[in-house]
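In what follows, a single structure is set out as structure tokens and then discussed.
Below, chains carry the letters A, B, ... as their sequence lines are ordered, and counting in each starts from 1.
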2 protein chains.
Amino acid sequence: MEPRDSMSFDEFKQLAMVSMEEMCREIFKENQASIKIKKEAVALKNLARIFNTTLRLANEKGFQTMSLRDLSRASGMSMGALYSYFSSKEALLEMIQNRGRRLTRKILSRLVDPAQDPAAKLETAIRAHLYLTEVMLPWFYFSYMETKNLDKIQQKKSIESELATERMFIEILDEGKRQGVFRVADCVLTASVIKAMLQDWYLKRWKYTRRQVSVDDYAGFVIDFVESAIHAPLAKRPEEKGGQDGSRG
Amino acid sequence: MEPRDSMSFDEFKQLAMVSMEEMCREIFKENQASIKIKKEAVALKNLARIFNTTLRLANEKGFQTMSLRDLSRASGMSMGALYSYFSSKEALLEMIQNRGRRLTRKILSRLVDPAQDPAAKLETAIRAHLYLTEVMLPWFYFSYMETKNLDKIQQKKSIESELATERMFIEILDEGKRQGVFRVADCVLTASVIKAMLQDWYLKRWKYTRRQVSVDDYAGFVIDFVESAIHAPLAKRPEEKGGQDGSRG
DNA sequence: CAATAAAAAACGAACGATCGTTCTATTTTT
DNA sequence: AAAAATAGAACGATCGTTCGTTTTTTATTG
């Protein structure tokens, strides 16, 4: 699929759903040593059920607090059946993390377009991240909340993933700054607060749902807000004023 | 103490430490029915020890995952001793939440100054919140992460507290908009993303520590960033341009 | 197609470990 | 000596995990 300047949320959702199945299959094949189920069709169906039920329960009460008996009850599978799909509770956690990270990487890699100008790139990146977190909301929330319960290796991966996302924004901002279209005092901190705003979408989802703010509403607002901030003369820095009109194509 | 236009972080810290002891005493007197310790001096010293140790352990592995034996070991108090200070693990959680909320309310109430103009108010509010979360970082992180483990009543209180903070920003933005000094497309969403930026300070503290960004650095940046965003003409809305120079006293 | 043997999957009782909590004995302070 | 505070063993419940049994599906045969 070709990357495009703008993609509707519905198109994005469809793209994600296809990748979702793909990822389950990859996970299954990689963990076939520890998974006792032989037939792919059976395994994929039940793995998806286990993953989704776990995400739901863990987002309600936390992964550690959720017992495997809770999971058994909610998923309609017996304890013995569950242990045919993973070797331990921690292994289940790792599989879920693994699937989410793969899915994130896969979807994002399809959406970057090096040919765009910095302003368009910024808009695409913000929108793509919000769409992504919207589609995979349970996972992102889960992943954020359970980081501390992962082993050191997995924690490293989470941090690395976080910093990689931020680095992408830093590069866009840097490029725009060099081209003179952005007026950024500190690219690292700016990328940091942009990421904070994007994160709020899945961490405080209840708030936006209650206020009937759609993902497109929020995306539009954040894009405008950020562009206003980095197109304007810096407040309290009179020596940097002038030579700026703020207009874009 | 009189509210002032600007207060250094060190002054703020001192103010907070005094209130901290005060709050422990209040908590002790209110829960005297369930606390088996008679002498205030002993109770206050050990309550503080229990609270701080709990916050440390819970921020490492989560409150539910932390066993009371962990707490016993880390605090150097026996199981029996611990249960002289609280009636159950959940009661301990509530006491900690209670102390944090009180402390927050107390400190913030001392820092609002209705006489300031909107821009100064905004700056004071941002700085005060960052200082507050810096001083009480373990609690804010704890409180955020453990919300889902609270009972319904305590959850309501947390949400209410979150919305109250946001409302404060909404009112400042609204006032500035009415006076024509702020150019805000949506006060609610703007307040929301400001809060998200403030929250990032204590949720991603490791990142800022690693980069050697101080709380004053971050406060200064956020204030500049937000003011740039709401002083500038809105991007992509040419009909709202003009008659704006962005300068302030 | 029906019957049946083999393979795959699901089941749920049982195990040891650990949890929150209680309680009595002991130590420390008054 | 009395009161206050601490100690740590003990209890029942629940946890993650295992394992022999039963049920379901697939393959084979008459």
Side-chain angles (χ1 to χ4, degrees), chain A residues 24 27-29 31-51 53-54 57-58 60-96 146 149-151, chain B residues 24 27-29 31-51 53-54 57-58 60-96 146 149-151:
Chain A
C24 268
I27 296 286
F28 170 63
K29 298 218 162 154
N31 296 64
Q32 218 152 7
S34 63
I35 295 179
K36 297 193 187 76
I37 303 302
K38 304 292 171 189
K39 285 151 48 182
E40 189 177 279
V42 177
L44 261 51
K45 180 175 68 77
N46 285 332
L47 275 177
R49 183 147 60 124
I50 291 172
F51 290 164
T53 309
T54 303
L57 292 181
E60 282 169 13
K61 45 159 69 180
F63 182 74
Q64 304 281 349
T65 311
M66 171 202 82
S67 73
L68 290 180
R69 284 171 181 80
D70 291 334
L71 178 59
S72 167
R73 211 173 303 117
S75 65
M77 299 172 71
S78 69
M79 296 296 290
L82 288 178
Y83 269 86
S84 303
Y85 293 87
F86 51 79
S87 56
S88 71
K89 195 183 179 186
E90 197 184 316
L92 169 62
L93 182 83
E94 283 187 22
M95 281 167 74
I96 290 177
E146 303 298 338
N149 297 324
L150 303 172
D151 60 65
Chain B
C24 269
I27 296 286
F28 168 64
K29 298 221 161 153
N31 296 63
Q32 218 151 6
S34 62
I35 295 178
K36 297 191 187 74
I37 304 301
K38 304 292 172 189
K39 283 151 48 183
E40 189 178 280
V42 177
L44 261 50
K45 179 174 66 76
N46 285 332
L47 274 177
R49 182 148 60 123
I50 291 171
F51 290 163
T53 309
T54 303
L57 293 181
E60 283 168 12
K61 44 159 69 182
F63 182 74
Q64 304 282 347
T65 310
M66 171 202 83
S67 73
L68 290 179
R69 285 172 180 80
D70 291 334
L71 178 59
S72 167
R73 211 174 303 118
S75 66
M77 298 172 73
S78 69
M79 297 295 290
L82 289 179
Y83 270 86
S84 302
Y85 292 86
F86 51 78
S87 57
S88 71
K89 197 183 180 188
E90 197 184 315
L92 169 62
L93 181 79
E94 283 186 23
M95 281 166 75
I96 290 177
E146 304 298 338
N149 298 323
L150 303 172
D151 61 63

Would you indicate, yes or no, if [N] has its OP1 or OP2 atom less than 4.0 angstrom from a side-chain nitrogen or oxygen of [X]?
X	N	result
A/Y83	C/dA10	no
A/N46	C/dA10	yes
B/S78	D/dA7	yes
A/K39	D/dT26	yes

Inset, instruction - Tell me what B/F86 touches on the nucleic acid: a base, only sugar-phosphate, or nothing, going by heavy atoms under 4.0 Å. - result: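 Here B/F86 touches no strand at all.
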Atom-to-atom span, [atom1] of [X] to [atom2] of [N] - whole angstrom:
X	N	atom1	atom2	result
B/Q64	D/dG16	CD	C1'	17 Å
A/K61	D/dC15	NZ	C1'	12 Å
A/L92	D/dT17	CG	P	10 Å
A/R49	C/dA10	CZ	P	8 Å
B/M77	D/dT6	CE	P	5 Å
A/L82	C/dA13	CG	C1'	16 Å
A/I35	C/dA8	CD1	P	15 Å
B/Y85	C/dG20	OH	P	20 Å

Indicate yes or no: at least one non-hydrogen side-chain atom of [X] is less than 4.5 angstrom from one of [Y].
X	Y	result
B/K29	B/E40	yes
A/M79	A/S72	yes
A/M95	A/Y85	no

Tell me the closest heavy-atom pair linking [X] and [Y], and the distance in Å.
X	Y	value
B/K38	B/Q32	O-NE2, 4.5 Å
A/L44	A/C24	CD1-O, 4.2 Å
B/L82	B/S75	CD2-OG, 4.2 Å

Polar-atom pairs under 3.5 Å, protein N or O versus N or O of nucleotides 10-14 of chain D: list them with distances, or write none.
| residue | atom | partner | partner atom | Å |
| --- | --- | --- | --- | --- |
| D/dA10 | N6 | B/R69 | NH2 | 3.4 |

Legend entry - Face-on cation placement of B/K89 at B/F63 ring, 6.0 Å and 45° thresholds: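 Yes, a cation-pi geometry holds between B/K89 and B/F63.
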Legend entry - Residue mapping more 5' on DNA chain C - nearest nucleotide basis, B/K89 or B/G80: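 Here B/K89 is the residue nearer the 5' end.
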